[in-house]
Amino acid sequence: MFGNLFEEDFSFISNNHCEKGKKSKPRDSEPPAPRDFTNLSGIKNQGGTCYLNSLLQTLLFTPEFREALFSLGPEELGSLDNSSKPDAKVRIIPLQLQRLFAQLLLLDQQAASTTDLTESFGWNSHEEMRQHDVQELNRILFSALESSLVGTSGHDLINRLYHGIVVNQIVCKECKNISERQEDFLDLTVAVKGVAGLEEALWNMYVEEEYFENENLYRCGACDKLVEASKSAKLRKLPPFLTISLLRFNFDFEKCERYKETSCYTFPIQINLRPFCEQTEMDDSEYMYELFSVIIHKGGCYGGHYHVYIRDVDELGNWQLKVNEALGDTENAKVVENPLVVLKGILSEEESKQIPVDQLGQKLLEKKGVSWNKKYRKEYGALRKYLQNHPHIFQFSPDENKVGLKEKHKIPFKSDSQGQDLQSPPRKNDVQWNSEKKPTRLRDSSAGCHWFDLNDSKVQPIKEKDIEKQFQGKESAYMLFYRKSQLKRPPEARGNPRYQIPEHLLNEMNAANTELQKKRAECDSANNGVDLHLHLSSCYKFHNGALHPSLTWKESVVDLTIDRRKTLGDLRQSVFQMLESWEGDMILSIAKPLPAGLHLYQILDGDELTLDGIGLADGADVFVWNGKEVGGTKVMTGPDHAPVVVNVLRLAEYNEGGRGQHFTESQHVFSCSTKLGDLRRALAPLGGIILKNGSGPDKEAKNWEVFHEEDMKETVKSVGLTDGCSVLILDSHDQSFVNVSSGNLTAFTYDISWLQVKNYCRTEEEEKHVKITATIETVRRLIVQGYNTANDSCLRPISGNGKLLSPVPEDYTVKEAELKMGSLLGLCRGKAPTSTQLFLYFIVGSDQNGSPEMEIVVEETASVKEVSLGAFKSFCPAWVRSAAPGELCLRPVHHFKSH
């Protein structure tokens, strides 16, 4: 039915926007939040249904409407349980509306869902994302309800409460014949542009007459000729509930665009409709109406947000302002004054048609005790400019020095001390428009009028005078709902949300509340329960710096679940009950499993404190003991005594053939407070150097930091040794590989293997075993330092037949040089080629066997001629000088490109 409410193009709404507002399925594990202090329920926004929510709340707080709806039983509407049966006649919309109203009144949740209701409309998820006009929705919803209730006792529900009649009359000035036409209405649409407020708009519609005269004559049916006539409209029948739609949105034909009228538009809390009615002889109470709902639109003509101010007629909610708001209102609040009303009141009291603008400002000062500039200029601008901005009300003299009211605004106004309208309007048929006994100014909220702002899921109390803030601006009143003042509520309905609700809905809501309470209790227990792991001292022993279970872990730990809001005393009592055989003092300490074992931290103290207050988290480990010892061993507690597991590395002894560990590794446990000196004495009793991995526990790190003698007074904790950190112990024969002055060990990595090196830089031949290093240059320097030879040297692999091969570039790593464990190297004079150079062997002459083999290093980019000249200049200068041109050539024998 509501699937295509409006045939408008909403393509400007991006997909992202729609996705953002898409409904999410409620989680079964999280029950909805209960009502807040107002005891009123909001309505969830499905993505763009704020306009629907505002209208539904208005209908809910129209007691006569909801009670008439509740009076329709299952025998007339059917049952939602039978909605899936093909032959069953079920009136879905009124049934879903009944159910929603019952939830809003009785179900203990912060906000109700309209999903079932909108599905009964035929809306899909995209329709729920659209924001429609609430005035149009009001008419369509009433039409849908009327159609749904045909054939039931509620068929006239809408007409009975909202139907009114307007009569349009044309009176012939000659024969006095009256031609009239009736119009039915469920709501009145009134102009906003160019009108100061609701009463003026109604006056223009139902009091002012339109005249047919001069060239614009009326053809009278009785006279059968063109005659002068007057046209007017009157309210013939007033409904119990009067709905007024304000025409806030207009079209600018010059700019060809829509716009929202944000000018000031006042409306009273109480209004007397007698001046606008055809029949005026009834009692005054028949014409008095009271405002009870204001739907507010915030935004522009192409989008925005709706919420509603509602008067709680039956006082179902808890109306209580915050203390600071109430105090601030008492001390500082002033009724918002409308300058338009103040100026109209001053000019209406003047006998002359116009007065000087300066004199108007002086009269304002005399009347209000404050000048225009001081009170209004900041918000409304200069006085003259303000008057010029309202040409439909104020009329200037030709020289614009004087100002007065236009004829239709010359209603004798009276102003109270606050500048509010106390209208003593004109009399027509001896009927007053607004009597002074019933002023239109807003009443003080202390009179018992409880107003609430219902903004989707949020509900909060407001003061009645807060309605004045919605007179103008981008956030302003859009629909007004009045109820007849003579409609009185029965005493039993006051504060009773169950009043007139059918029995089957009461039972359904009771069952739903019971289920909600059960879910909240379960959720509360789950959210506030903490699982504790109790470690019993009788099941533990202390060794190697930490506590270790003497049995299996499962047998040593007892799990306990307790509410975090309970006290430490409650926890202690629960543990006593679990351990009936416990004797003596019971101390509870926070424990933490560490790599070394279980360690105890702070003692839990203060039995009156809650578990949440002392920071006892879910899954915490608690050690139950006597506070002194475990198994006869004194236990040190606290972070300063936490055990740390340190990986201790030592260089492995050389193993012939290159097989064996690179390092020997063992784990040791030390307290955080252990001095480094004590650690050294424990690990290297015969002396040595301790090095820490400067890059942390990563075993691929290459940097080691030496602990100096002055560091021996520091503790394990202060030097940054934590669980998993590695220390390297170098005995006296290993210390030659350490540059102690710089504090770094750079000759080592964890990838350690053995090399054999022959020294060709000395006359005697000797071998020395060294460790493979990060680069060949580092290895070479290490060997040079060991042999005490010149730095002008290089390393050359030695083949199996004893031949020296091509030198290895110094910037190559051992892996790149393809050296393996047990490789034999030669330490030779001369520099090694770089990675861009070639190392060549050559012989002079053509006799390969008889000529000696020589070597040369050349650039890869050198020409063959440059290579041949360089070789012969280096080794055969005399032969080159005697050779004739063209006698030199190179013939490949073999060559080695540098590695």
Side-chain angles (χ1 to χ4, degrees), residues 530-560 562 567-607 609 611 614-617 619-648 666-685 714-718 721-725 727:
V530 288
D531 294 326
L532 304 179
H533 306 304
L534 302 179
H535 301 261
L536 310 179
S537 60
S538 58
C539 301
Y540 276 82
K541 56 185 177 180
F542 186 85
H543 71 89
N544 203 15
L547 292 164
H548 300 271
S550 54
L551 305 172
T552 64
W553 181 270
K554 186 175 181 180
E555 293 174 316
S556 305
V557 178
V558 178
D559 291 331
L560 172 67
I562 189 171
T567 65
L568 181 59
D570 296 330
L571 172 61
R572 198 185 307 277
Q573 186 64 31
S574 298
V575 176
F576 266 120
Q577 292 174 359
M578 293 175 62
L579 308 176
E580 297 178 355
S581 60
W582 187 275
E583 296 181 359
D585 295 334
M586 175 184 288
I587 302 298
L588 303 178
S589 296
I590 294 293
K592 184 178 180 182
L594 300 175
L598 194 69
H599 181 67
L600 306 184
Y601 288 85
Q602 76 271 20
I603 293 177
L604 298 177
D605 193 18
D607 281 4
L609 301 177
L611 302 183
I614 62 177
L616 203 58
D621 292 278
V622 178
F623 195 76
V624 185
W625 62 316
N626 58 16
K628 299 176 183 178
E629 48 80 26
V630 174
T633 303
K634 185 178 180 181
V635 177
M636 303 300 291
T637 64
D640 291 337
H641 299 285
V644 176
V645 177
V646 179
N647 293 325
V648 180
S666 59
Q667 290 187 333
H668 295 259
V669 178
F670 296 95
S671 171
C672 283
S673 58
T674 302
K675 299 288 182 66
L676 279 187
D678 297 334
L679 183 145
R680 183 174 63 177
R681 282 188 290 272
L683 298 179
E714 299 291 333
T715 63
V716 168
K717 183 178 180 179
S718 64
L721 287 178
T722 57
D723 286 313
C725 280
V727 296

Please check if the side chain of H599 supplies one atom and the backbone of G638 the other of a donor-acceptor pair under 3.5 Å.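 Looks like yes, one N/O pair under 3.5 Å.
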
Provide the closest heavy-atom pair for [X] versus [Y] in the form atom of the first, atom of the second, distance.
X: D723; Y: P595; result: OD2-CD, 3.4 Å
X: A546; Y: G597; result: CB-CA, 3.7 Å
X: L571; Y: L616; result: CD2-CD2, 4.0 Å
X: A617; Y: V530; result: C-CG1, 4.4 Å
X: T715; Y: C672; result: CB-O, 3.5 Å

Approximate separation, where rounding is to 0.5 Å, of [X] [atom1] and [Y] [atom2]:
X: N544; Y: H668; atom1: CG; atom2: NE2; result: 9.5 Å
X: I562; Y: S574; atom1: CD1; atom2: OG; result: 4.0 Å
X: T637; Y: L547; atom1: OG1; atom2: CG; result: 10.5 Å
X: T567; Y: R572; atom1: OG1; atom2: CZ; result: 9.5 Å

Do [X] and [Y] come close enough that some side-chain heavy atom pair is under 4.5 Å?
X: V635; Y: E629; value: no
X: H548; Y: H543; value: yes
X: L721; Y: V727; value: yes
X: L598; Y: K592; value: no
X: V716; Y: S673; value: no
X: V624; Y: L588; value: yes
X: I587; Y: N626; value: no
X: F623; Y: I590; value: no

Among side-chain atoms of [X] and [Y], is any donor-acceptor pair under 3.5 angstrom?
X: T552; Y: E555; result: yes
X: Y540; Y: H535; result: yes
X: E714; Y: S718; result: yes

Chi angles and distances behind the side-chain contact (heavy atoms from CB on, under 4.5 Å) call for L534, V575: CA-CA 9 Å; L534 302 179; V575 176; 3.9 Å; yes

Ion pair D640/K717, N-O distance below 4.0 Å: yes

Could you tell me whether R681 and D678 make a salt bridge, using a distance below 4.0 angstrom between a side-chain N and a carboxylate O? yes

Check each of S538, S537, S589 against W625 using the side-chain hydrogen bond (donor to acceptor under 3.5 Å, both in side chains) test, and report the only one that passes.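 Only match with W625 under side-chain hydrogen bond (donor to acceptor under 3.5 Å, both in side chains): S589.
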
Has D559 got more than 12 heavy atoms of other residues, nucleotides or ligands less than 6.0 Å from its CG? yes

